Amino acid sequence: MSEEHSLNFLEEIIEEDLKSGKYPHIVTRFPPEPNGYLHIGHASSICLNFGLTQKYPGFTNLRFDDTNPVTEETEYVDSIKEDVKWLGFEWKNERYASDYFDDLYGFALKLIDKNLAYVDDSSSGDMAAMKGTPTEPGTNSPFRDRSVEENRDLFTRMKNGEFPDGSRTLRAKIDMAHINMLMRDPILYRIKHAHHHRTGDKWCIYPMYDFAHGQSDAIEEVTHSICTLEFVPHRELYDWLIEKLEIYPSHQYEFARRNINYTVTSKRKLLQLVNEKHVSGWDDPRMPTISGLRRRGYTPWSIREFCDRIGVAKRENMVDVGLLEFCVREHLNRVALRRMVVFDPLKLVITNYTKGEEILLGENNPEDDNGGEREIPFSAELYIERDDFMENPPKKYFRLAPGQLVRLKSAYIIKCEEVVRGADGEITELKCTYIPESKSGADTSGISVKGTLHWVSVKHAIPAEIRLYDRLFRVEDPTDEAGDFKEYLNPASLQVLPAVYAEPSLQEANLEERYQFIRKGYFVLDKDSASGKLVFNKTVGLKDAWARETKKA
RNA sequence: UGACCCAUGGUGUAAUGGUAACACUACUGAUUUUGGUUCAGUCAUUUAAGGUUCGAAUCCUUAUGGGUCAACCA
């Protein structure tokens, strides 16, 4: 897809490692926690991890980081697998941190035996107090010097369920004065009498992230464990545990997560939007989730292309959503079937058209020579877009106006002869004449016009519902604003047009196909459609030079 | 007030001591039976100040700015 641009910093590291013979092949993993749906930010990580092993010898595992049973659910596991597949990637092994709970338990025992871990009876409040601050050292827990035997006994009993939640933890014995807060005797295991989505009620103690992630990497012999920047301070602990446990030396590398403007990419915040019904669900087409983007009409290719274009680096960033839109337009322009749909109808009668009706042919896609054509019924009574007519047009307006010529797409050139008004002065109808020799594809009129309009025959039009979307938030970075991020939701992010007029070929619309409603934008059928009821989502609009022009004036 | 990470056009990424490049956006213009597409063009002395060097976006120092770290979350 994308050939030879320069290497990102991870590719440089990997090429170095491969060249030096440090590894014969590489192993990466994509490690989501199944506590929410994947979003566009995850797509970067997915494309990175899977992309690396497409480019270099090796493979990528899908590993669920399911160490916190109270927030994790099978529903999320299923959605994550579906999304990764839909994006076009295949994992070598499907693994779960919970697959390794027995190994992890053994690792904990090993640390205890090496006198590098201890059971602490302190409350979380006490532990926080003893932790110190980034500028002040912490103090040792009074339970820090228990004997190996006592620690073993207590930890075993923790596992056996003899103690209530929160009463004890297993901590690494490192250094309470360490400059890195994470090295101040981090918690390794905590007691949670909770049902786990995979291990059921087998365990009542669960490992913390730091005691599961790196160890799982080591078990799978992951060579390059890639995560986001906020884990940089964890790397020291990651390395310490691997060293003390004497397990496979996986290495952690960090890159900057991708932020996109006018949205949020935090599973916590997205969950709030879902739970508080600000959106219809995780797959609401306004959501930056993979499932939302899919329903919105984004293609896997466009998302991969987007991730490819924004690249990988270590600096904070805010990517313009306009680039995502560019990527999807780029793809849809190549594949979308052209169709005509009138959103806001104005009736147009061709007074000199006496043939009754005829079938015209329109190309499915001008970008595709093999795209074929579809039939479009034409008659004397048509609908055009209300804002494609102006009684007193400004300069450079080359749509329809009294006395002005315009082409009807794939049909004839017409001229506006008369404006008909209703009782309240509202324009109700346009009377036009057409030029019979100007038929599309067989034009012998010699007339050239500036404007081309889409239209639909009144008698043949079929109804459809259209859902238009705008950005979910009014501000670029809702998280950066004062107050709650939800105060910045865009109240006009969804606009429903319950009954537009579509050309009849759209009767055959299906979920897989992408459509360009000519001069309107790209659309995709929504799953809410039923037989006899078409519902379309707007994926993204066309670039609109005229709108820019009018805005300037 | 500590430690760590980062700093290149409006945005995102290149340039690995030797002419600041590519893409998006924006703006010009050409083409066009979608005001779409396509094509051509325009838009930066690299946060600042010193230093090393024949030569610095790149190396060093300091400053400034931004981010991260005190969850029994990941």
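Fair warning: this is a prediction, and the values are worked out from it, not measured in the lab. A, B, ... follow the sequence lines: proteins, then strands. Residue 1 opens every chain.
- Counting only heavy atoms from C-beta outward, the side chains of W240(A) and M183(A) approach each other to under 4.5 Å.
- Taking the P atom of each, rA7(B) and rU13(B) are spaced 10 Å apart, rounded to whole Å.
- As rounded to the nearest Å, rU11(B) and rU25(B) have P atoms that lie 15 Å from one another.
- When the shell of 6.0 Å around NZ of K131(A) is examined, it contains more than 12 heavy atoms from other residues, nucleotides or ligands.
- Taking a 4.0 Å limit (strictly below) on heavy-atom distances, residues 34-43 of chain A does not reach RNA chain B anywhere.
- The closest side-chain donor-acceptor pair between N364(A) and R339(A) falls under 3.5 angstrom.
- Scanning residues 320-332 of chain A for heavy-atom distances under 4.0 Å to RNA chain B yields D320(A), L323(A), F326(A).
- Using cut-offs of 30° and 60° on the angle between ring planes, the pair H331(A) and W301(A) is tilted.
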Using a cutoff of under 3.5 Å, can you pull out all pairs of nitrogen or oxygen atoms linking the protein to nucleotides 62-68 of chain B, with atom names and distances?
unit_1: rG67(B); atom_1: O2'; unit_2: E316(A); atom_2: OE2; d: 3.2

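- The aromatic ring of W546(A) sits over the base of rG35(B), with ring centres less than 5.5 Å apart and planes tilted by under 30°.
- A salt bridge links R63(A) and D217(A); the closest N-O separation between the charged side-chain nitrogens and carboxylate oxygens is under 4.0 Å.
- Each of R168(A) and N8(A) has a nearest nucleotide on RNA chain B; the 5'-most of these lies closest to N8(A).
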Based on Watson-Crick and G-U pairs with both distances under 3.5 Å, what dot-bracket line describes RNA chain B 5' to 3', crossing pairs as [ ] and inter-strand pairs as |?
-> .((((((..((((....[..)))).(((((.......)))))....(((((..]....))))))))))).....
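- When the P atom is used for both rA57(B) and rU1(B), the distance is 32 Å, rounded to whole Å.
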Please test S225(A) against R29(A) for side-chain contact (heavy atoms from CB on, under 4.5 Å), starting from the C-alpha separation and ending with a verdict.
-> CA-CA 7 Å; S225(A) 178; R29(A) 100 273 91 114; 3.1 Å; yes
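- Spacing between rU58(B) and rA20(B) at atom C1', rounded to whole Å, works out to 11 Å.
- When the side-chain hydrogen bond (donor to acceptor under 3.5 Å, both in side chains) test is applied to H251(A), no partner is found at least two apart in sequence or on another chain.
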With sugar-phosphate taken as primed atoms, P, OP1 and OP2 and all else as base, the protein-contact string of nucleotides 39-48 of chain B at under 4.0 Å (heavy atoms; B, S, -) is ----------
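- Ring centroid separation for the pair F536(A) and F517(A) comes in under the 6.0 Å cut-off.
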